[in-house]
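Beneath this line is the structure, given in structure tokens, with notes to follow.
Residues: numbered from 1 along the sequence shown.
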Amino acid sequence: MATIKVKQIKSKIGYPIDQKRTLQALGLHKISQVVEVEDNPSVRGMIAKVHHLVTVVE
């Protein structure tokens, strides 16, 4: 299955707990950390929820 790379670009400090948990569910813990996740609708939804904190790396 296809995968996408997600990079955390901003700190989670000061954001609601649900957004912090979404980052944790994506496997992101540090700024500039890149993780490779499956490309499916649920992951796309998580990325959309924290779009201001992450970016999709090509």
Side-chain angles (χ1 to χ4, degrees):
M1 185 160 221
T3 61
I4 53 176
K5 291 184 180 179
V6 182
K7 180 179 182 180
Q8 184 175 349
I9 57 169
K10 196 172 177 186
S11 174
K12 61 187 173 185
I13 296 173
Y15 288 96
I17 190 69
D18 61 328
Q19 293 180 11
K20 292 177 183 180
R21 289 183 179 157
T22 302
L23 286 175
Q24 188 177 15
L26 285 169
L28 294 166
H29 303 287
K30 299 179 182 178
I31 297 175
S32 298
Q33 181 181 5
V34 179
V35 294
E36 195 167 343
V37 292
E38 283 189 34
D39 187 9
N40 58 40
S42 63
V43 171
R44 289 283 180 169
M46 287 193 283
I47 293 171
K49 184 170 186 169
V50 292
H51 70 278
H52 53 287
L53 302 174
V54 300
T55 186
V56 176
V57 180
E58 295 299 324

Results of side-chain hydrogen bond (donor to acceptor under 3.5 Å, both in side chains) for K49 - residues two or more places apart only: D18
Interatomic spacing from NZ in K5 to OG1 in T55 - rounded to 0.5 Å: 13.0 Å
Name the atoms and distances for all side-chain donor-acceptor pairs under 3.5 Å in residues 27-36, with sequence neighbours left out.
{"from": "Q33", "atom 1": "OE1", "to": "H29", "atom 2": "N", "distance (Å)": "2.7"}
{"from": "Q33", "atom 1": "OE1", "to": "K30", "atom 2": "N", "distance (Å)": "3.1"}
{"from": "Q33", "atom 1": "NE2", "to": "G27", "atom 2": "O", "distance (Å)": "3.4"}
{"from": "E36", "atom 1": "OE2", "to": "T3", "atom 2": "OG1", "distance (Å)": "2.7"}

In chain order, what residues pass the side-chain contact (heavy atoms from CB on, under 4.5 Å) check against I13, with sequence neighbours excluded? S11
Is there side-chain contact between L53 and T22, with heavy atoms separated by less than 4.5 Å? no
Starting from V56, can I reach L26 by hopping between I/L/V/M/F/W/Y residues whose side chains sit under 4.5 Å apart? yes
Where M46 and A25 come nearest, the two heavy atoms and their spacing: SD-CB, 4.0 Å
Within a radius of less than 6.0 Å around NZ of K7, do more than 12 heavy atoms belonging to other residues, nucleotides or ligands occur? no
Please find the pair of heavy atoms, one from V50 and one from Q19, that lie closest to each other, and give the distance. CG1-O, 3.8 Å
With sequence neighbours left out, write down each residue that passes ring-ring contact (aromatic ring centres under 6.0 Å, His included) with H52, or none if nothing qualifies. Y15
Starting from M1 and following side-chain heavy-atom contacts under 4.5 Å between hydrophobic residues (I, L, V, M, F, W, Y), which residues can be reached? none
Suppose we screen for side-chain hydrogen bond (donor to acceptor under 3.5 Å, both in side chains). Which residues come up paired with R44, at least two apart in sequence or across chains? D39
